[in-house]
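Note sheet for the following structure.
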Amino acid sequence: MAQRLQRRLDGVSWVDLILAALRIIIIVLIVVGAFNTLTSGKYTASTWVSLTISGLAQGSIYALIALGYTLVYGILLMINFAHGEVFMAGAFTAVFFAEWFDNIGFLNSSPIPAIFILILIAAAVSTAVAVLLERIAYRPLRGAPRLVPLITAIGASFFLQYTFRGFYGSGFKSYPTVDALGGVIEVGGISIPVVQIFVFVSALVLMAGLYWLVEKSKMGKSMRAVSEDKEVAALMGINIDRVIVFTFAVGGALAGAAGVINGLYRPQGVNFFMGFIPGIKAFTAAVLGGIGSVPGAMLGGLFLGVIESIGPNLVLEGLGIDGANQLKDAIAFTMLVLILIFRPQGILGERLSEKKA
Amino acid sequence: MDKPKQIIDLRYLLKMGLLAGIIAGYTAVIGMITVFDNRQLIAGVLTLGQILLVAAPLGFGYFVAHKAKGDHSAGKIIGNGAIIGILASIPSMLIILIGANTGIRQMFVNISPDLIAILTFGQENIYVGMILLAVLMVVAGVLGSALRLVPDLYRRAIVMGLAWTLGVGLMSELIILIIRPLLGRGFIRIFFSNGSLKPFAALIIFFVAAGFYLLWQNKGDVVKDGYANLSKGQRTTVRRGGMGFGTIVLLLLPWILGTFLSEVIDNVGLYILMGLGLNIAVGLAGLLDLGYVTNFAVGAYITGILTSTGAFGTLEMSFWFVIPIAILSAMCTGFLFALPVLRMRGDYLAIATLGFGEIVRVLALSDWLAPIIGGPQGILDIPKPELFGFAFAKPEHLYYIILAACLLMLFVSLRLNNSRTGRKWMAVREDEDVAAAMGIDTTLSKLLAFTLSAASGGLAGAIFAAKLGTIFPQSFSLLVSINVLSIIIVGGMGSIPGIVLGALLLIGMPELLREFAEYRLLLYGALLIVVMLLRPEGLWPSAVRRRELHDAMDEGMDLGVPHSEVVSHGQTITNAPRMD
């Protein structure tokens, strides 16, 4: 017995020990913080439920964007660093139309068709950007050493940001408020804002559509085949290029739709830089759920949304950190780093090779 | 690698022409042409905006003629150029029409009356302007194709002449700034007016440059033979003389350049320092560190806290004592941040380091840490370095500190490049599994790479804090990391002259030319993409990198598989690159 233990310990390096210590510290911090907050009785149960629901709403938006990352990764094994800008392109373009619709009264007289058209516009723009991105920046580099497409993606990200700044200016715009989405619904003593229900439901509809596409349609089958093994899929007669373009297009469309939905949920802050942080958060969500896995991206998004919503109040306040809500972004980034360190395959993913540089 | 010959038919011309037009139109819609139009290259005659406008049809005309050479008659080639020109003008003409007649400016803010005026050459009647534009683009296309037809020698001479003329025109303000104290205002006024070249001066420069080129081509061999015929001793003397001259120039540079330019060179120098540091992680060890700004921030904040005489300063130490502390702190940070990412693959490593960078930035801005490091208000009253009572107050003085730091880092880099540690890093970069199999402790190697690269970031941060006198968390964003990364990538990964070149181009140019500063990140992004597509080893690469990247890409792209698989089957085992 002692021998087996000894052999087990031999395989452990000092780096592993440090990481194990880090794990323990983090878990302790979380538990202590949560304990403090909950025992202090500062927040009621209904507050937590409200926070969770708004977390689910925000999380479903992250999920839609995360799907774009995960689909591209599944097929090309690359991180489309510029996907946040694909999101921004749709959101930033549609806001002009949203303003116009509001000015002519269309938005509030017939909100459902208006929102539907906005989503179409945003999806179209985002799809176009995604497809162009693939064609110009990624396709020529398909066999290249891994560092090269990553740098190209970073370059593309900046290029797109400043292109849209050149197009639409550097000012901030806001989505108009839609009356139909205002107000709250009472469920079991908890008031849920209508807009959150709208966000969650529309995201769900889109994700269901994607699920149908990937599982039941012929193109979906091709996508799954290509992500399984590219060369063999080509041998089976699948047009790889077309599948890849389609994948980018689908990811783009979802991101564009997410742009409008996000704009209706949180109208402020539409500008050329708005894609950066949601992009990183969505990537975190994708990795959290297991990159390459579609249900993983959905789960990861929701999970991240809830954690982001509850985290500051639950853990950080309990640890005595003031102004905890400022650090909301830091929570997402910390989650990202922690996932990458401790469980890079995410919740649902397969174990990825750690070694390849 | 034989690519099939491009068939130049109408469809191809259509594609190329419209592509040229879209590029020209794009530069118009994002407002680049409007901004560039403010910079005159040749007084009253040519602005940078106009050059940008015709650059696309000119370039594409040349490119298509290049593809067609030998197959088509001269007349046909020129005709192709004209077709490209006409097609290229279509998107711009659409912009004029839409801009003049609709309210599109509410969405596309840069389709302004100014833009329309530029595109129509100030004509009252926009239709006349549109015709002028079309004619101009056709001429550009024709000139581009015609250039390809000129015999090689003269063509290169023409290009050389044009490059010099436009270059001098572009840098007129800079040149005036340097020459005025030396040769006086009168001299300047002969050649320049309004901060740009006078037309006849432009012509002179063109002919002198082209002429010199032709002369060198014809008679240059005399000089080269002469040099080859020198004895070894004489050649060493020439080389030593050259190095001596270079050293004198380097030491006197701030006094030649003046205050404004010294400030520019100081910033370039700081980025060279950081570039040399990041080069250790990215260029040598292949670890894409997007969180480099954390080292910079730690160095700056430590310096701030320890030297400041203001509210957040603690010990009010001397700058010189703080430098080693700042470097050590940065190295600790580098070490700590490296520990968790040791096991990660390339892209994940990049994102994780990016995450670290962002966490640090958010923390620096937060109210939580504000009592210690100042929050958004930052740390003020950081004194300039002092030595025996002399304060390094002006940019000219700080130049020498920065120069010393760069030389130190240069020395360290050169020694590392050629050392065992350096070779270990290159082995790890190429294929970690094989390196481990060869007995290299990859963990220690990577940690060492991160820690050493952090050191130079800390040093740069310390100098930065002293130079500015105040530090704000806003200065420590992802953009700094991206700047440093771009310098390394564009200049040449792993190549030291490349880093200097990259810093001069990417940091120096925007400081000197406001127009480029306005579109700085757009150009960075485009440059990163273009460099990766065309020349991933950078502008001035080390020989090893060029071989690695081009061989790998050719091999990998034929198979369409990721590089890692190619490497394990082909290169490292049978074809190990020479370590030079």
Side-chain angles (χ1 to χ4, degrees), chain A residues 13 15 18-19 22 77-79 93 96 136-137 140-152 154-163 165-169 171 230-231 240 276 280 283-284 287 321-324 326-327 329-330 333-334 336-337 340-341 344 352-357, chain B residues 29-32 106-110 286 288 339-348 350-352 354-356 358-359 362-363 365-368 428-429 431-433 443 482 485 489 519 521-522 524-529 532-533 536 549 552-553 555-564 566:
Chain A
S13 74
V15 177
I18 295 186
L19 290 182
L22 192 60
L77 285 173
M78 79 165 276
I79 301 175
T93 307
F96 291 96
I136 299 179
L141 294 174
R142 252 188 235 157
R146 204 184 288 282
L147 213 58
V148 174
L150 186 62
I151 294 176
T152 308
I154 296 176
S157 172
F158 277 93
F159 183 74
L160 284 172
Q161 279 176 13
Y162 284 82
T163 294
R165 179 176 180 261
F167 283 166
Y168 304 146
K230 220 192 300 180
E231 288 88 44
I240 306 281
F276 178 63
I280 297 196
F283 176 70
T284 307
V287 177
I321 299 176
D322 301 319
Q326 259 182 0
L327 298 176
D329 288 349
F333 294 133
T334 313
L336 173 68
V337 171
L340 287 178
I341 300 174
L352 302 161
S353 160
E354 291 174 324
K355 302 289 187 159
K356 268 301 151 250
Chain B
V29 172
I30 60 170
M32 214 175 192
Q106 289 201 356
M107 188 164 170
F108 289 92
V109 300
N110 280 308
L288 189 60
L339 281 176
V341 303
L342 283 174
R343 301 278 169 80
M344 291 188 201
R345 294 176 9 219
D347 0 14
Y348 283 13
I351 304 281
L354 182 117
F356 282 139
E358 284 300 291
I359 293 176
V362 170
L363 287 177
L365 264 173
S366 71
D367 288 334
W368 176 42
V428 169
R429 175 187 74 203
D431 192 327
E432 218 179 300
D433 296 323
T443 309
I482 298 289
L485 185 71
I489 303 292
Y519 287 96
L521 286 157
L522 185 83
Y524 277 16
L527 213 57
L528 281 179
I529 300 178
M532 283 295 113
L533 284 177
L549 279 164
M553 285 181 70
E555 248 184 278
M557 277 148 80
D558 283 341
L559 299 175
V561 298
H563 170 75
S564 49
V566 174

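Numbers restart at 1 for each chain; the letters A, B, ... are given by sequence-line order, proteins then strands. Bear in mind that the values here come from a model prediction, so they are computed numbers and not experimental data.
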Scanning both residues in full, the closest heavy-atom pair of A:F159 with B:L522 reads O-CD1, 3.4 Å

Can you confirm whether B:I30 sits close enough to A:R165 that some side-chain heavy atom of one is under 4.5 Å from a side-chain heavy atom of the other?
no

For B:S366, is it the side chain, the backbone, both or neither that has a heavy atom under 4.5 Å from a heavy atom of chain A?
both

Chain B heavy atoms under 4.5 Å from A:T93: which part of the residue, side chain, backbone, both or neither?
both

Applying a strict 4.5 Å limit to non-hydrogen atoms, the region of B:I489 in contact with chain A is side chain

How many angstroms lie between CG in B:L288 and CD1 in A:I154, if you round to the nearest 0.5 Å?
5.5 Å

Mind running side chain to side chain contact (heavy atoms under 4.5 Å, CB included) on A:L22 and B:L339 for me, showing each step along the way?
CA-CA 11 Å; A:L22 192 60; B:L339 281 176; over 6 Å; no

Tell me, side chain or backbone of A:L150 under 4.5 Å from chain B's heavy atoms, or both, or neither?
side chain

B:F356 versus chain A, heavy atoms under 4.5 Å apart: side chain, backbone, both or neither?
both

So how far is it from A:I280 CD1 to B:I351 CD1, rounded to the nearest 0.5 Å?
7.0 Å

Examine whether an atom of A:I79 lies under 4.5 Å from a heavy atom of chain B, and if so say whether it belongs to the side chain, the backbone or both; otherwise answer neither.
both

Which heavy-atom pair separates A:Y168 from B:V109 by the least distance, and what is that distance?
O-CG1, 3.6 Å

To the nearest 0.5 Å, what is the distance between CE (B:M107) and CZ (A:F96)?
5.5 Å

Counting heavy-atom pairs closer than 4.5 Å to chain B, which one of A:I151, A:L19, A:L336 comes out on top?
A:I151

Looking only at B:L521, B:L528, B:L527, the option with the highest number of non-hydrogen pairs under 4.5 Å against chain A is B:L521

Applying side-chain contact (heavy atoms from CB on, under 4.5 Å) to B:V29 and not counting sequence neighbours gives A:F167, B:I95, B:F108, B:I111

Largest heavy-atom contact set with chain B, pairs under 4.5 Å, which of A:G155, A:A330, A:A137, A:G171:
A:G155

Counting heavy-atom pairs under 4.5 angstrom with chain A, the leader among B:L365, B:L354, B:I482, B:L363 is B:I482

Minimum heavy-atom separation for B:G525 to A:F158, with atom names?
CA-CB, 4.2 Å

Closest heavy-atom contact between A:G166 and B:N110?
O-ND2, 2.6 Å

Considering all heavy atoms, the nearest B:M532-A:V148 contact
SD-CG1, 3.5 Å

If you compare all heavy atoms of B:G355 against all heavy atoms of A:F333, which two are closest, and at what distance to 0.1 Å?
O-CB, 4.1 Å

